[in-house]
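Counting starts at 1 for both ligands and their atoms, following the listed order. Given the structure is predicted, the values throughout are model-derived calculations rather than measurements.
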Amino acid sequence: MGAGTRFGTGVIIAGLLLSTGALADTVRVGVVGPFSGPYAVYGKNFRLGIEAYVSAQGMKAGGHEVSFVYRDLDAPNPARAKAIAQELIVKENVQYLAGFYFTPNAMAAVPLLKEAKVPLVVFNAATSSITASSPYVVRTSFTMWQNAVPAARSAGRLGIASAVTAVSDYAPGIDAETAFRTTFETLGGRVRDSIRIPLGTSNFASVMQRIVDSGADGVFAFLPSGPATFGFVRAFHESGPRQMGIKLLTTGDVVTEPDLPALGAAGVGVYSTYHYAVSHVSPENAAFLERIAAVGGQRAEVAMTAVAAYDGTHLLYRMIEATGGARDPDRAIEAVKGLAWTSPRGPVSIDPVSRHIRQTVHLRVVERSGDGYINREIDSFPDQPDHGFEAVPRPPAR
Ligand code: PHB
């Protein structure tokens with residue numbers, strides 16, 4: 001019997017009858033992420049971001065204590081994601097869901113939100129269609145379109161007139177490929193080849209050969225941050241493309257800070273577009289990094305998922321305040337539409353239509369700095385929306 005049938009609709013409703021309408025003294029938030037396995041550093045960053053926010057703002061929102069219930073999901077696994085989300089809703093009685101590193105896992109939880117009256121704050125999963133698929137989803141991370149469009153706009157100044165795209169073969173990869181190709185071609189660029197790499201690939205020799213054979217000036221690449229991004233950058237450095245002077249331009253996922261020390265020289269010179277660099281210079285980022293240190297985080301392990309969780313917790317607190325701790329997803333979501341604040345990454349706001357975060361996207365380059373390596377910001381694209389929101393089919397607005 002599949003996970004979907006084991007926890008049927010009736011079970012969810014029965015569980016909810018106990019809590020609907022009642023004001024909860026403690027509001028529980030279920031956080032799903034990779035807390036073990038090869039992506040564990042990004043799940044750890046979810047936790048660090050939440051704990052840094054709570055240590056700064058206190059454990060209460062609108063007079064209600066907030067508690068976080070963590071559940072580990074170490075890989076894309078929609079059936080397991082759905083079962084975990086149901087368990088959090090029914091058994092743990094959470095009023096909010098948050099986290100979700102991988103798109104397929106977030107998509108599996110979305111169909112539960114409406115009936116369970118549970119808003120979802122996405123801390124990472126970056127396919128545009130996620131917020132479009134339910135009015136109860138908000139997202140504080142980024143989308144592939146949001147970062148890939150500025151990448152395509154930057155290609156010309158990096159001397160890339162023709163490109164090959166290389167992306168992981170699943171939803172965010174397809175978004176990244178489409179966003180880069182359409183923008184690059186509109187600007188007069190030529191895409192010579194589009195390579196789709198199966199998730200789980202660890203040997204990139206044939207990908208590198210295809211890049212060389214394409215005759216392109218540059219590669220645009222996206223893979224989900226983790227073992228594959230590390231392997232891809234290493235392979236690029238050690239094989240033909242780098243030696244031939246082909247440029248590597250990626251989304252920031254491919255060169256996250258936790259990987260930079262071990263990549264060493266292999267990372268230097270990689271261009272990327274992204275919404276957050278740990279080296280970003282601002283008072284808000286300095287305060288954020290101090291708070292991360294105060295809750296036990298090492299600077300070397302900080303990644304984008306910590307800032308998404310920190311800002312996501314900000315939204316959870318605003319929603320709990322606005323609803324007085326009651327289960328009222330419509331009021332909760334309304335309360336954060338249009339909300340603007342200064343994040344550690346810079347000025348941000350929640351787009352009232354897409355419910356996705358608008359933010360500055362930077363062009364960066366990996367450089368040596370002191371004893372380590374950083375993504376140095378060299379250009380910026382302010383107030384970027386999710387360029388993909390308009391491009392995806394979605395149900396009519398309620
Ligand atoms: C996703 O599955 O949406 C995803 C995962 C990791 C990333 C980016 C996107 O770095």
Side-chain angles (χ1 to χ4, degrees), residues 32-35 37-46 49 73-78 80-81 98-110 120-133 137-149 151 165-180 196-201 220-233 250-260 270 272-278 301-309 312 345 356-357 359 361 364 375 386 388-389 392:
V32 181
F35 299 111
Y39 301 93
V41 69
Y42 300 105
K44 181 172 187 187
N45 271 272
F46 281 173
L73 185 50
D74 64 354
N77 184 341
R80 184 103 190 86
F100 289 93
Y101 189 69
F102 292 105
T103 289
N105 296 343
M107 288 305 262
V110 163
L120 164 62
V121 182
V122 174
F123 288 175
N124 189 71
T127 304
S128 287
S129 58
I130 299 172
T131 60
S133 61
V137 183
V138 287
R139 172 165 42 201
T140 53
S141 50
F142 60 98
T143 68
M144 304 318 303
W145 275 83
Q146 195 171 32
N147 287 317
V149 167
T165 60
V167 301
S168 284
D169 192 7
Y170 78 130
I174 310 310
D175 267 14
E177 178 193 285
T178 312
F180 183 86
R196 293 186 179 177
I197 307 165
L199 276 176
T201 298
F220 168 72
F222 159 74
L223 299 93
S225 305
T229 48
F230 186 82
F232 183 91
V233 176
T250 72
T251 62
D253 309 270
V254 180
V255 280
T256 60
E257 285 82 354
D259 277 354
L260 295 184
V270 177
S272 62
T273 45
Y274 221 37
H275 55 292
Y276 180 63
V278 178
E301 64 189 351
V302 178
M304 75 294 184
T305 44
V307 79
R345 63 188 109 171
H356 173 71
I357 196 160
Q359 56 195 335
V361 171
R364 309 101 47 87
N375 281 300
D386 172 18
F389 187 77
V392 294

Record the part of Phe142 in heavy-atom contact with ligand 1 below 4.0 Å; permitted values are side chain, backbone, both and neither. side chain
I need the Thr103 OG1 to Ile130 CD1 distance, nearest 0.5 Å. 4.0 Å
Part of Ser225 with heavy atoms under 4.0 Å of ligand 1, whether side chain, backbone, both or neither: both
Using distance alone, with no hydrogens and no angle criterion, decide if Asn124 and Thr305 have a side-chain donor and acceptor under 3.5 Å apart. no
Answer side chain, backbone, both or neither: which part of Phe222 comes under 4.0 Å from ligand 1, heavy atoms only. side chain
Distance-only, no hydrogens or angles: does the Asn45 side chain make a donor-acceptor pair with backbone N or O of Met304 under 3.5 Å? no
Counting both backbone and side chain atoms, is some N or O of Phe102 under 3.5 Å from an N or O of ligand 1? no
Please answer whether the main-chain N or O of Val278 pairs with a side-chain N or O of Glu257 as donor and acceptor at a distance below 3.5 Å. yes
Is the distance between the ring centroids of Phe102 and Tyr39 under 6.0 Å? yes
Does the plane of the ring in Phe46 sit parallel, tilted or perpendicular to the ring in Phe35? Use 30° and 60° as the thresholds. perpendicular
Close N or O approach (Thr103, ligand 1; < 3.5 Å): yes
For atom 7 (C) of ligand 1, find the nearest protein heavy atom and state the residue, atom name and distance (0.1 Å precision). Asp253 OD1, 3.4 Å
Could an N or O of ligand 1 be found under 3.5 Å from any N or O of Tyr274, whether backbone or side chain? no
